Amino acid sequence: MAFDLEWVRSRLPGRPIHWHTAIESTMPEASRLAAAGCQSGTIVGSEEQTAGQGRYGRAWHSEHGSGLYVSIVLRHKFVPATLPLVTLALGLATSEAILKVTDISCDLRWPNDVLLQSRKCAGILAQLEGSAIIAGIGINVNHSAFPEELSGIATSLRLATHRIHSREQLLVELAAGVDRFCALLEKEGGEPILAMFSQASSFVHGRRVSVDQGHSMVQGTTAGLNSSGFLILQGDDGTKKVIFTGGVRPCS
Ligand code: BTN
């Protein structure tokens, strides 16, 4: 179904929304607008991305008309070191928008995966553009299938619920939630975000995981988040290590 941009605009008055039929990726377009001085909250979205970007240089599958693919320009008084906390806040906003619109609760896998039935239904990519943050959020909404290489690890809200969901309502809730969680982070610092993420995620405490760090794999049991939003992993010898980056997977 075609995206009803006018309905979204009527619910987000005053917010610039740049909507595309197809684009390589919303990320560079949002960066370009941010560099040109666009206002905070500006949204770049597209029905389809022909070169959607995931973390670690991976591609983000962005089938036409099925998902929500947006980048939101954020201008807050965050320093660059806050980026990991912003990523957690964006995960909370995404999961909350999904709950409000579809009534389904997602799990959050540090740092940026939103999971349903242990498969990824949304992902987040936060990048700096000067003093602005570009919050890239992709939600698999109404996909009825995924390419074979993703079928075991990805899902959509439709596949999980057997219902079609409104991408427009999701965007309205997402935009409001991103504003609210970022304002909270700006006003009260990382603590409430860390507490909410820890509460919402089954991966933060006591989970046996392996972490793919590109050059090596580490295994251990998760032992919370540090004050900067990084994951703490306790090795089998009891020593604790801070995980700054890497793909976290449960050990079976
Ligand atoms: C990840 O989990 O690897 C991050 C995925 C981020 C995907 C979104 S879709 C909208 C925005 N544009 C992109 O090219 N990527 C982000």
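All figures in this text were calculated on a predicted structure; none of them were measured in a lab. Basis for what follows: all heavy atoms, side chains included, without hydrogens, waters or symmetry-related copies. Each ligand, and each atom within it, is numbered from 1 in the order the structure gives.
When each atom of ligand 1 is checked for a heavy atom of Asn112 under 4.0 Å away, the hits are 1 (C), 2 (O), 4 (C). Heavy-atom contacts of Thr26 reach the following atoms of ligand 1: 10 (C), 11 (C), 12 (N) (cutoff under 4.0 Å). Contact atoms of ligand 1 toward Gly52: 14 (O) (distance under 4.0 Å to a heavy atom of the residue). Numbered from 1 in the order shown, with element, the atoms of ligand 1 that lie under 4.0 Å from a heavy atom of Ser25 read 12 (N), 13 (C), 14 (O). Taking every non-hydrogen atom of Val70 and a distance limit under 4.0 Å, the qualifying atoms of ligand 1 come out as 10 (C), 11 (C). The ligand atoms of ligand 1 that sit less than 4.0 angstrom from a heavy atom of Ile124 are 2 (O), 4 (C).
The option from His61, Glu24, Gln53, Glu29 that lies nearest to atom 6 (C) of ligand 1, judged by heavy atoms, is Gln53. Of the candidates Arg109, Gln49, Gln127, Lys120, Lys120 brings a heavy atom nearest to atom 1 (C) of ligand 1.
Look at Arg58 and you'll find every heavy atom at least 4.0 Å from all atoms of ligand 1.
Arg55 N, 2.7 Å is the protein heavy atom nearest to atom 3 (O) of ligand 1. Here the protein heavy atom with the shortest distance to atom 5 (C) of ligand 1 is Trp60 CE3, 3.4 Å.
The salt bridge (Lys or Arg N to Asp or Glu O under 4.0 Å) check on Arg15 picks up Asp179, with sequence neighbours excluded.
Judged by the 6.0 Å distance and 45° axis criteria, Arg207 is positioned over the aromatic ring of Phe203.
Residues His165 and Asn142 have side chains in contact (heavy-atom distance under 4.5 Å, counting atoms from C-beta outward). Looking only at side-chain heavy atoms (C-beta outward), Phe78 and Leu85 stay at 4.5 Å or farther from each other. Between Glu47 and Arg167 there is a side-chain heavy-atom pair separated by less than 4.5 Å. You'll find the side chain of Pro111 reaches within 4.5 Å of the side chain of Arg55, heavy atoms only. Under the 4.5 Å side-chain criterion, counting only non-hydrogen atoms from C-beta, Leu90 is not in contact with Ile72.
For the atom pair Leu88 CG and Phe197 CZ, the distance stands at 5.0 Å (nearest 0.5 Å).
Checked by distance only, ligand 1 and Tyr69 stay at 3.5 Å or farther apart across all their nitrogen or oxygen atoms.
When each of Thr221, Val218, Leu233 is paired with Val209, the side chain to side chain contact (heavy atoms under 4.5 Å, CB included) condition holds for Leu233 and for no other.
Heavy atoms of Ser71 found under 4.0 angstrom from ligand 1 belong exclusively to the side chain.
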